[in-house]
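See structure below.
The structure displayed is predicted, hence computed values, not measured ones.
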Amino acid sequence: MSFTTLGDYIGSFFNENKKFLAANYPGITLSRLKAELKDFCRILESQFDDIYISENKGVIEEFLKKVRQGTPLEYISNRAFFYRSSFYVNENVLIPRSETEIMVEWTSEYIKKNKLNDISIADIGTGSGAIALSLAGEIGEIEARIVASDISPMALEVARANKFFHRYRYPKTVKIVFEESDLLTNLDEKFDIIISNPPYIKEAADLSEVHGQVHRFEPHLALYLKDEDYDNWFKNFFQQVEEKLNTGGLFIMEGSELHLEHLKDILSEYQFSNLELIKDYTDRYRFLKGIKNG
Ligand SMILES: C[S@@+](CC[C@H](N)C(=O)[O-])C[C@H]1O[C@@H](n2cnc3c(N)ncnc32)[C@H](O)[C@@H]1O
């Protein structure tokens, strides 16, 4: 078979590997694959029919090799879209998910509705910094300090890079700092809001729910907790949140629909009221929030 243009080559690759692509990249289309290849090769859409494969095979094969391995497209392009903008990502951070945007939206509306100002916010397990930086860009020109923390120094490097890329996106009244910390242990201050998308998948019991591509490529530190430690991990987390949250402060976290009801029961053993589960757009309970009592 002779391929001529880049457009033909990628079209044939897509048709010949449809089954593999559908299994590894749910919902993938030829135009999405082309869009990623276009960015990877730094070309324009119109050039698909002008560029001849013979001269450019190296770079295109480098891209296709990663696709054949099932590497998430976001790790190939080092870019993930989250809440109105794009974030730099690599294998050291979770690819931010669209459902997490609901928590950003919910929290920024809470800040605006309650006319909060001069506040401090902690984003625990910040990963790429997607939550902290999106919130920073969404809460308007109020005085705010956002502490974005993670136990992984490599994740924090990614978050810091994203702070630089997003530097014009949030007002000067909003200050963002990064801290390496196991949960809140290194954070020596109190907060008005603690937001978190922590690891929440039970390593053994929930494994069948996890897509193979996620398990193979995304950092296990970001995904899993040991089944036998699960409740204690969250008890420890909730206790630290209770200690570091100001009276009347908001705690909101993302979790698994399989365990969130149970985590709500655990959270009710601490000094919180107005406990509530919040649904995602597919009608599943995916977020837990509570207000710290006096
Ligand atoms: C589910 S990812 C969330 C990443 C990012 N916030 C997002 O929503 O895309 C969980 C993050 O928590 C971090 N993490 C895991 N255990 C932690 C701990 N004990 N203390 C702080 N961060 C932790 C991981 O490194 C990872 O970045």
Side-chain angles (χ1 to χ4, degrees), residues 1-102 104-105 127-130 133-134 137-138 154 157-169 210-219 222 280-282:
M1 208 183 307
S2 77
F3 297 106
T4 50
T5 65
L6 181 53
D8 286 344
Y9 195 70
I10 189 75
S12 298
F13 173 84
F14 185 81
N15 287 328
E16 284 163 17
N17 293 282
K18 260 188 179 151
K19 242 179 152 176
F20 170 83
L21 291 170
N24 284 277
Y25 300 93
I28 184 96
T29 58
L30 177 57
S31 52
R32 171 83 202 280
L33 196 62
K34 274 179 149 179
E36 295 293 337
L37 177 61
K38 176 172 77 70
D39 287 353
F40 189 80
C41 298
R42 291 172 177 70
I43 59 167
L44 299 172
E45 182 108 35
S46 59
Q47 292 175 303
F48 269 107
D49 295 325
D50 295 339
I51 291 181
Y52 286 89
I53 198 74
S54 49
E55 297 149 24
N56 302 286
K57 201 153 182 170
V59 62
I60 290 145
E61 277 305 324
E62 194 186 321
F63 174 84
L64 292 182
K65 185 176 154 200
K66 292 183 182 195
V67 174
R68 283 190 194 97
Q69 288 166 346
T71 311
L73 295 174
E74 291 85 350
Y75 289 150
I76 301 179
S77 62
N78 291 121
R79 193 184 44 144
F81 201 74
F82 181 83
Y83 207 86
R84 300 187 214 280
S85 67
S86 114
F87 284 79
Y88 169 74
V89 292
N90 65 23
E91 282 86 349
N92 295 317
V93 296
L94 186 96
I95 299 165
R97 304 297 204 272
S98 56
E99 59 267 27
T100 307
E101 296 174 354
I102 294 173
V104 172
E105 193 170 61
S128 62
L133 293 163
S134 301
E138 199 60 29
M154 288 177 314
E157 265 181 43
V158 173
R160 284 195 180 96
N162 279 316
K163 180 185 173 189
F164 178 74
F165 296 140
H166 287 242
R167 63 197 180 281
Y168 300 119
R169 223 186 123 197
V210 180
H211 192 278
Q213 192 194 42
V214 173
H215 181 75
R216 270 178 66 209
F217 290 96
E218 301 207 44
D280 66 12
Y281 294 132
T282 62

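Smallest separation of non-hydrogen atoms from Ala80 and Glu74: CB-CG, 3.8 Å. The two atoms that bring Gly70 and Gln213 nearest to each other are O-NE2, 2.8 Å, heavy atoms only. Heavy-atom minimum distance, Ala159 versus Gly127: CB-O, 3.4 Å. Nearest approach of Ala22 to Ile28, heavy atoms of both residues: N-CG2, 4.4 Å.
Side chain of Ser77 to backbone of Leu73: a donor-acceptor contact under 3.5 angstrom is found. Side-chain atoms of Asn78 come within 3.5 Å of backbone atoms of Val89 as a donor-acceptor pair (strictly under, hydrogens ignored).
Atom CZ of Arg167 sits in a crowded spot, with more than 12 heavy atoms from other residues, nucleotides or ligands closer than 6.0 Å. Atom CZ of Phe20 has more than 12 neighbouring heavy atoms from other residues, nucleotides or ligands inside a 6.0 Å radius.
Between Ile60 and Ile53, the closest side-chain pair of non-hydrogen atoms falls below 4.5 Å. Side-chain contact between Asn92 and Pro219: absent, with no pair of heavy atoms (C-beta onward) separated by less than 4.5 Å. Within the 4.5 Å cutoff, the side chain of Ile43 has no heavy atoms near those of the Asp50 side chain. Side-chain atoms of Ser134 and Glu101, non-hydrogen and from C-beta on, never get closer than 4.5 Å to each other. Annotation: side chain of Leu21 is in contact with side chain of Phe13 (closest heavy-atom distance under 4.5 Å). Lys34 has its side chain out of reach of Phe14: every pair of non-hydrogen atoms, C-beta onward, lies at least 4.5 Å apart. Side-chain contact between Pro72 and Ile95 is present, with at least one heavy-atom pair separated by less than 4.5 Å. At least one side-chain heavy atom of Leu64 sits less than 4.5 Å from a side-chain heavy atom of Ile10.
Atoms OG and CG, from Ser86 and Asn162 in turn, are 8.0 Å apart once rounded to the nearest 0.5 Å. Atoms OG1 and CZ, on Thr71 and Phe217 in that order, are 4.0 Å from each other to the nearest 0.5 Å. Between the CZ atom of Arg160 and the CD atom of Glu157 there is a distance of 8.0 Å, given to the nearest 0.5 Å. If you take OG on Ser31 and CD on Glu45, they are separated by 8.0 Å, rounding to the nearest 0.5 Å. To the nearest 0.5 Å, atom CD1 of residue Ile76 and atom CD of residue Gln69 are 8.5 Å apart. Distance check, rounded to the nearest 0.5 Å: OG of Ser98 to CG of Asp280 gives 8.5 Å.
Every pair passing salt bridge (charged side-chain N to carboxylate O under 4.0 Å, His left out) that includes a residue from residues 79-99 is listed here, sequence neighbours excluded: Glu36-Arg79, Asp39-Arg79, Arg84-Glu138, Arg97-Glu218, Glu99-Arg286. The list of ring-ring contact (aromatic ring centres under 6.0 Å, His included) pairs with a residue in residues 60-90, not counting sequence neighbours, reads Phe40-Phe63, Phe87-His166.
Ion pairing between a basic and an acidic side chain is recognised when a charged N comes within 4.0 Å of a carboxylate O; Lys66 and Glu61 show no such pairing.
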Carefully, step by step, assess Leu37 and Leu6 under the rule side chain to side chain contact (heavy atoms under 4.5 Å, CB included).
CA-CA 10 Å; Leu37 177 61; Leu6 181 53; 3.8 Å; yes
